Amino acid sequence: CCMNKADLVKEWFEIASTDLHTAVHLFETMRPKPLEIICYHCQQAAEKALKAYLIDCEIEPPRIHDLEKLCQICAEQNPAFETMEDICGRLTDYSVSTRYPDHPEIEETDAASALKDADRICEFCAALCRMESPI
């Protein structure tokens, strides 16, 4: 309630960084790799980075997990976000589908791509917020 905008944006990026670092750690150290959990953390990192950007623009982020929709809202502020729409589309499904049985099979290459995609969105948003990249 009492945090200024800059501190709030910084906190969102720190949480995004924790999600991304968790995904990288799981990918690099666990055998077998928990691919669903890795992809879920990638989606979460991207979601938090997009929401940090919206807060930086003084827009209350909607309580949704749809990265494509969040990206569209960001693009209303800065058309450069249109270049992130495909990435957001790839990551969106990992928010829900990976947490339940009977989800589509995820391969190691999918998780590796999700890590790259999440990193790219986090870097992109941090640069636009003039934040030192926390990732």
Side-chain angles (χ1 to χ4, degrees):
C1 75
C2 311
M3 230 184 246
N4 70 40
K5 182 182 84 169
D7 287 343
L8 188 57
V9 170
K10 184 174 184 248
E11 186 169 328
W12 276 86
F13 275 114
E14 286 171 356
I15 297 168
S17 176
T18 298
D19 274 316
L20 191 53
H21 281 111
T22 299
V24 169
H25 176 75
L26 294 173
F27 189 85
E28 291 177 350
T29 63
M30 284 193 72
R31 299 293 177 268
K33 290 177 174 48
L35 300 175
E36 293 82 7
I37 296 168
I38 292 165
C39 290
Y40 171 73
H41 279 294
C42 289
Q43 184 280 335
Q44 287 289 292
E47 179 180 326
K48 289 164 185 142
L50 291 165
K51 288 180 176 180
Y53 174 77
L54 291 174
I55 291 166
D56 194 56
C57 293
E58 300 186 1
I59 295 169
E60 178 73 26
R63 293 180 177 265
I64 60 173
H65 303 295
D66 183 337
L67 300 187
E68 290 172 287
K69 180 66 180 158
L70 288 171
C71 189
Q72 288 167 2
I73 297 166
C74 292
E76 292 169 11
Q77 303 304 307
N78 184 333
F81 274 94
E82 291 171 10
T83 64
M84 297 289 116
E85 285 177 2
D86 288 346
I87 291 173
C88 289
R90 289 194 295 267
L91 288 173
T92 289
D93 285 345
Y94 298 134
S95 71
V96 176
S97 67
T98 57
R99 293 188 285 171
Y100 301 101
D102 200 31
H103 57 77
E105 189 66 30
I106 296 174
E107 304 292 333
E108 189 170 329
T109 54
D110 298 325
S113 293
L115 285 165
K116 286 186 187 115
D117 288 346
D119 184 61
R120 187 153 171 230
I121 290 173
C122 289
E123 294 281 343
F124 184 81
C125 292
L128 289 174
C129 292
R130 294 164 306 288
M131 297 274 303
E132 232 178 87
S133 177
I135 314 300

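Note that the structure is predicted; figures quoted are calculated from it, not measured. Positions are given from 1 along the sequence.
Two residues are said to be in side-chain contact when any heavy atoms from C-beta on lie closer than 4.5 Å; Lys10 and Glu14 meet this criterion. Side-chain contact between Asp93 and Cys39 is absent, with no heavy atoms from C-beta onward closer than 4.5 Å. Two residues are said to be in side-chain contact when any heavy atoms from C-beta on lie closer than 4.5 Å; Leu26 and Lys33 fail this criterion. Contact annotation: the side chain of Tyr53 never approaches that of Leu70 to less than 4.5 Å [non-hydrogen atoms, C-beta and beyond]. Residues Met84 and Arg120 are in side-chain contact: their nearest non-hydrogen atoms beyond the backbone lie under 4.5 Å apart. The side-chain heavy atoms of Leu50 and Phe81, taken from C-beta on, include a pair separated by under 4.5 Å.
The distance from atom CD1 of Ile106 to atom OG of Ser113, rounded to the nearest 0.5 Å, is 11.5 Å. Note: Glu82 CD to Glu76 CD = 10.5 Å, rounded to the nearest 0.5 Å. Cys71 SG to Glu68 CD: the interatomic distance, rounded to the nearest 0.5 Å, is 8.5 Å. For the atom pair CG (Leu128) and CD (Gln77), the distance works out to 11.5 Å, reported to the nearest 0.5 Å. Leu20 contributes atom CG, which lies 11.0 Å from atom NZ of Lys48 (distance to the nearest 0.5 angstrom). A distance of 12.0 Å separates CH2 of Trp12 from SG of Cys125, quoted to the nearest 0.5 Å.
Taking all atoms of both residues into account, the shortest heavy-atom contact from Ala16 to Cys122 is CB-SG, 4.4 Å.
Hydrophobic clustering (side-chain heavy atoms under 4.5 Å, transitive across Ile, Leu, Val, Met, Phe, Trp, Tyr) keeps Ile15 apart from Val9.
Within a 6.0 Å radius of CZ in Arg63, other residues, nucleotides and ligands contribute 12 heavy atoms or fewer. The number of heavy atoms from other shown groups lying within 6.0 Å of CG (Asp86) does not exceed 12. Summarising the local packing, NZ of Lys116 is surrounded by 12 or fewer heavy atoms from other residues, nucleotides or ligands at distances under 6.0 Å.
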Task: Step-by-step side chain to side chain contact (heavy atoms under 4.5 Å, CB included) determination, Phe124 to Thr83 - done: CA-CA 10 Å; Phe124 184 81; Thr83 64; 4.3 Å; yes
Task: Derivation of the side chain to side chain contact (heavy atoms under 4.5 Å, CB included) call for Phe13 and Cys129 - done: CA-CA 10 Å; Phe13 275 114; Cys129 292; 3.9 Å; yes
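With hydrogens and angles disregarded, a donor-acceptor distance shorter than 3.5 Å links the side chain of Thr92 to the backbone of Cys88. Panel note: side chain Gln43, backbone His65; a donor-acceptor pair is recorded below 3.5 Å.
For the side-chain contact (heavy atoms from CB on, under 4.5 Å) with Tyr94, the lone residue among Asp110, Ile38, Asp117 that qualifies is Asp110.
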